[in-house]
Each structure stands twice: as C-alpha cells, then as structure tokens.
A.B. asks: 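This is the structure I want to talk about, given as structure tokens.
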Amino acid sequence: MADFLARVSLRVSLALVLFGGSAARAEFHGSVAGPEIPRASFVVTGEPTSIPYGWMDFCGRQPQECRQSILPAADIELSREAWARLNEINRAVNAAIEPLSNLEHWGTIADHWDYPVDGKGDCKIYALEKRRRLMEMGFPRQALLMTIVRDKNDQGHAILTARTSRGDFVLDNLTDELKPWDATVYRFVKRQSQEDPNVWVTIEPRRRVGAR
C-alpha cells in the first residue's frame, strides 16, 4: 500500500510540474503576442509661423488651457500599452461626437475651437478633445500637437499629431485608424511647438527623419 501511494504521489507531482510548465509557457507567449507596433518617420518642422485664429479665440475663452509653462520637448514612449491607449481614445472620441460644420454649429464662418460641450463639432473639436483626454491619462502635453493640414481638395483640416519614439502618428476624426503622418493624403502646413503650445511652427514639405 505504501508503495502504491508513493507511485500515485509521484504521478500527481509530475502532472503538476507539467501543468505548471505549460501554464508558464502560455503566459510567456501571451506576454509577447499582440499586434506589431508600427513605425513612422518624424516630421521636420521649420520656423515659427502665424497662430491660427481659432487657437487664439480658444485661449481667450479657455485661458487655463493656454497659460502653460514652457517645457522641454518630450515624446511618447510607444509601448504596446501606449499604442492601445492612443487607438482607444481616437475611436472613442470619433464615436462620441456628432460631426457638424462650424457654420451649422456656431452660426459663424469665423473659426471656432472648443471642447465638445454639446457633443457636436468639426475637426478641431475632435482633435482638442483627444488631446485633453490623452493628457488626463498622463501622456505628455509636448507630444500631443494640434496640427493644420490641407486635404486632397486643398481644404483646411485639423488633426492631432502624436509625437512618439517610433515616429509621428495622426489621430483624425475621418478615420479610426492611427496612421503615420506621411501615409496620409494630407499636405502638412503647421503645428504647435513641442515646447510651447502657443507657438506654432511650419512643417517642411516632403522632409522627414527616420524613426529611431
């Protein structure tokens, strides 16, 4: 009987070791699984340029958002978690806001930038809300840059650029997909400085720097 119990105990011990090993391998493979994080190039910016009227108007109504300290430039370290959060916010804000033109919304052709106080708005409202939510999650302000582009019809459009360790990506209300800035149809015009959100800089056409 003692010999029988000893053999049973040995089999149970071996099963536990094997099960435990399988579980450990599954956990390990799960930790490395997941979508590959893409890589982009970096925008090359130029000299300071004119500040959009809409940003100045926004600052007049939301002064706390613009009275900001000058900070050293900082990028988002693009981990899988950070990539997931960027995608999550882009999709969530796109779904939460009802698209409405500036004239229909505010009754004026003057450019009006604001947060979605009534759940409606155009491209600037989407971009500002994404910027706000990401900063609330702890992403650095210096890496979340309001950006002005021209679309394929040469119409003005606003997006949010996320400056990351793997290049510059755009959060756009016209798509739920985060894209490298140079994989869009846009002509990039200007964006906020990383150091000071109240300084805007030109974007050098067709110039880019490879990601690290």
Side-chain angles (χ1 to χ4, degrees), residues 40-79 82-83 85-86 89-90 93 97 102 106 110-117 121-151 156-173 178-182 184 186-212:
S41 63
F42 292 100
V43 168
V44 176
T45 55
E47 296 298 317
T49 188
S50 59
I51 303 171
Y53 165 80
W55 177 259
M56 293 189 292
D57 179 58
F58 174 70
C59 290
R61 288 177 290 99
Q62 302 275 1
Q64 75 283 356
E65 300 291 346
C66 303
R67 291 174 184 164
Q68 300 289 335
S69 302
I70 297 175
L71 300 173
D75 297 344
I76 297 166
E77 185 60 38
L78 198 57
S79 63
W83 180 248
R85 296 292 82 74
L86 289 169
I89 292 301
N90 190 53
V93 173
I97 298 174
N102 190 83
W106 309 109
D111 212 9
H112 188 98
W113 296 27
D114 210 336
Y115 292 126
V117 292
D122 66 0
C123 54
K124 286 89 65 175
I125 280 73
Y126 286 85
L128 284 169
E129 180 65 8
K130 291 171 187 179
R131 179 176 179 268
R132 175 167 69 172
R133 292 194 191 188
L134 288 167
M135 287 192 296
E136 288 175 350
M137 295 176 73
F139 285 86
R141 182 199 78 197
Q142 308 98 297
L144 301 170
L145 310 170
M146 294 292 292
T147 304
I148 302 298
V149 299
R150 290 278 178 178
D151 66 18
H157 183 51
I159 55 176
L160 184 69
T161 296
R163 172 101 179 179
T164 82
S165 58
R166 295 175 69 90
D168 289 347
F169 294 86
V170 299
L171 288 75
D172 190 346
N173 66 296
L178 260 69
K179 293 184 179 182
W181 74 280
D182 52 3
T184 69
Y186 301 136
R187 176 170 62 87
F188 284 68
V189 179
K190 57 187 173 183
R191 76 181 188 190
Q192 291 174 309
S193 159
Q194 283 195 272
E195 294 85 359
D196 186 344
N198 299 309
V199 173
W200 288 66
V201 292
T202 59
I203 295 174
E204 298 295 326
R206 292 183 294 279
R207 287 192 62 196
R208 62 204 68 190
V209 176
R212 296 184 292 276

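No experiment lies behind these values; they were computed from the predicted model shown. Only this structure's heavy atoms are used, side chains among them; waters, hydrogens and symmetry mates stay out.
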A.B. asks: Do T45 and K190 meet the criterion of a side-chain donor-acceptor pair at a distance under 3.5 Å?
C.D. replies: no

A.B. asks: Sub-3.5 Å donor-acceptor pair from the side chain of S165 to the main-chain atoms of L78, do we have one?
C.D. replies: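 Present.
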
A.B. asks: Just say parallel, tilted or perpendicular for the rings of W83 and F169, cut-offs at 30° and 60°.
C.D. replies: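 Ring orientation of W83 relative to F169: perpendicular.
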
A.B. asks: Does a donor on one side chain sit under 3.5 Å from an acceptor on the other, for Y126 and D172?
C.D. replies: no

A.B. asks: Would you say the side chains of Q64 and Q62 form a donor-acceptor pair under 3.5 Å?
C.D. replies: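 Looking only at side-chain atoms, Q62 and Q64 do form a donor-acceptor pair, the distance falling under 3.5 Å.
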
A.B. asks: Would you verify whether the NZ or CZ of R150 falls within 45 degrees of the ring axis of Y186 while also being under 6.0 Å from that six-membered ring's centre?
C.D. replies: no

A.B. asks: Going through the checks in order, is the side chain to side chain donor-acceptor pair (under 3.5 Å) test met by E77 and S79?
C.D. replies: CA-CA 6 Å; E77 185 60 38; S79 63; over 6 Å; no

A.B. asks: Is a donor from one side chain sitting under 3.5 angstrom from an acceptor on the other, for T147 and T161?
C.D. replies: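 Judged by distance alone, the side chains do pair up.
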
A.B. asks: Compute whether any side-chain donor of one residue and acceptor of the other, for D182 and S41, lie under 3.5 angstrom apart.
C.D. replies: yes

A.B. asks: Please report the C-alpha distance between K179 and D168 in whole Å, then the side-chain angles of each, then the deciding distance to 0.1 Å, and finally whether the salt bridge (Lys or Arg N to Asp or Glu O under 4.0 Å) criterion is met.
C.D. replies: CA-CA 9 Å; K179 293 184 179 182; D168 289 347; over 6 Å; no

A.B. asks: Quick one about W113 and D111 (side-chain donor to acceptor, distance below 3.5 Å, no hydrogens or angles considered), yes or no?
C.D. replies: yes

A.B. asks: Would R133 and E136 count as a salt bridge (Lys or Arg N to Asp or Glu O under 4.0 Å) here? Give the steps.
C.D. replies: CA-CA 5 Å; R133 292 194 191 188; E136 288 175 350; over 6 Å; no

A.B. asks: Set out, in order, the CA-CA distance, both residues' side-chain angles and the distance that settles side chain to side chain donor-acceptor pair (under 3.5 Å) for D75 and Q142, then state yes or no.
C.D. replies: CA-CA 7 Å; D75 297 344; Q142 308 98 297; over 6 Å; no

